[in-house]
Amino acid sequence: QVQLVEFGGGLVQAGDSLRLFCAGSGPTFFCYTIAWFRQAPGKERELVAFITSFSIPTYGDSVKGRCTISRDNAKNEIYLEMSSLKPEDTAVYYCAASLRKMALEYVGTYDYWGQGTQVTVSS
């Protein structure tokens with residue numbers, strides 16, 4: 001059983017930086033791959049980044065070069081740092097967890113989800 005809660009969303013201006021974090025719980029939480037997905041109005045949920053239990057990151061094409069995902073297993077926390085924010089980054093950002101080893105770029109691979117945190121980037 002895993003529980004996830006996201007924090008850190010808000011209203012920012014284009015070009016700003018923002019840090020989101022996801023707090024997890026569960027006795028084997030450190031074994032999970034953790035991902036950030038986002039969903040903008042009228043669009044499908046898309047991968048932002050995921051990080052494996054070995055702390056190996058993978059990034060979606062839309063955020064490469066502007067995003068860093070990391071985790072602190074001692075605190076059961078996962079972080080997403082974004083820079084050079086653009087209006088198209090506006091979305092609800094979700095934290096998700098999976099024990100699977102393949103297809104980690106897809107929404108259906110994840111078993112547990114947080115409720116999301118809104119990020120709005122103004123021009």
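Keep in mind that the numbers below use all heavy atoms, side chains included, and drop hydrogens, waters and symmetry copies.
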J.: Quick one: does any side-chain atom of Tyr110 pair with a main-chain N or O of Ile34 as donor and acceptor, under 3.5 Å?
T.: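 Checked: no pair found.
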
J.: If you compare all heavy atoms of Val48 against all heavy atoms of Val63, which two are closest, and at what distance to 0.1 Å?
T.: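 Minimum heavy-atom contact is O-CG2, 3.2 Å.
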
J.: Taking Thr90 for its side chain and Val121 for its backbone only, find out whether a donor-acceptor pair lies under 3.5 Å.
T.: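 Indeed, once roles are kept as given, a pair shorter than 3.5 Å links the two residues.
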
J.: Leu85 versus Leu18: any side-chain heavy-atom pair under 4.5 Å?
T.: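 Answer yes - side chains close enough.
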
J.: Evaluate whether atom CD of Gln3 has more than 12 neighbouring non-hydrogen atoms of other residues, nucleotides or ligands under 6.0 angstrom away.
T.: no

J.: Identify whether Leu99 and Trp36 are in the same connected component of the hydrophobic contact network (ILVMFWY, side-chain heavy atoms under 4.5 Å).
T.: yes

J.: Could you check whether Ser62 and Arg38, counting side-chain N and O atoms only, form a donor-acceptor pair closer than 3.5 Å?
T.: yes

J.: Donor-acceptor pair, distance only, cut-off 3.5 Å: does the side chain of Thr120 make one with the backbone of Leu11?
T.: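 Absent.
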
J.: Can any side-chain N or O of Glu6 pair as donor or acceptor with the backbone N or O of Thr117 at less than 3.5 Å?
T.: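 Answer holds: no.
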
J.: Where the side chain of Arg66 meets the backbone of Ser84, is there a donor-acceptor pair that is under 3.5 Å apart?
T.: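 Such a contact is found between Arg66 side chain and Ser84 backbone.
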
J.: Describe, in one word, how the ring planes of Phe37 and Trp113 are oriented to each other, choosing from parallel (under 30°), tilted (30 to 60°) and perpendicular (over 60°).
T.: tilted

J.: Report yes or no: does Ser25 contribute a side-chain atom to a donor-acceptor pair with the main-chain N or O of Leu4 at less than 3.5 Å?
T.: no

J.: Rounded to the nearest 0.5 Å, how far apart are SG of Cys95 and CZ of Phe50?
T.: 14.0 Å

J.: Indicate yes or no for a side-chain donor-acceptor contact from Gln13 to the backbone of Ser123 under 3.5 Å, with no hydrogens or angles considered.
T.: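 Checking the backbone N and O of Ser123 against the side chain of Gln13, no donor-acceptor pair under 3.5 Å is found.
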
J.: Determine whether Ile78 and Val119 fall in the same hydrophobic cluster, where Ile, Leu, Val, Met, Phe, Trp and Tyr are linked whenever their side-chain heavy atoms lie under 4.5 Å apart.
T.: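 Linked within one cluster.
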
J.: Tyr112, Tyr94: one ILVMFWY side-chain cluster at the under-4.5 Å cut-off?
T.: no

J.: State whether the side chain of Tyr59 and the backbone N or O of Ile69 hold a donor-acceptor pair below 3.5 Å, judged by distance alone.
T.: yes

J.: List the atom of Cys67, the atom of Leu80, and the distance in Å for their closest heavy-atom pair.
T.: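 Between these two residues, the closest heavy atoms are SG-CD1, 2.9 Å.
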
J.: Return the CD to CG distance between Glu105 and Asp61, rounded to the nearest 0.5 Å.
T.: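 Taking CD in Glu105 and CG in Asp61, the distance rounds to 10.5 Å.
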
J.: Between Ile51 and Arg71, what is the shortest heavy-atom contact and its length?
T.: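 Heavy atoms only, the tightest pair is O-NH1, 3.5 Å.
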
J.: State, without any angle test, whether Glu77 and Tyr79 hold a side-chain donor-acceptor pair at a distance under 3.5 Å.
T.: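 Distance-only check passes for Glu77 and Tyr79.
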
J.: Over all heavy atoms of both residues, which pair between Asp89 and Tyr93 is shortest? Give the atoms and the distance, please.
T.: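 Nearest heavy atoms, Asp89 then Tyr93: O-OH, 2.7 Å.
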
J.: Any chance CZ of Arg100 has more than 12 other-residue heavy atoms, nucleotides or ligands included, within less than 6.0 Å?
T.: yes

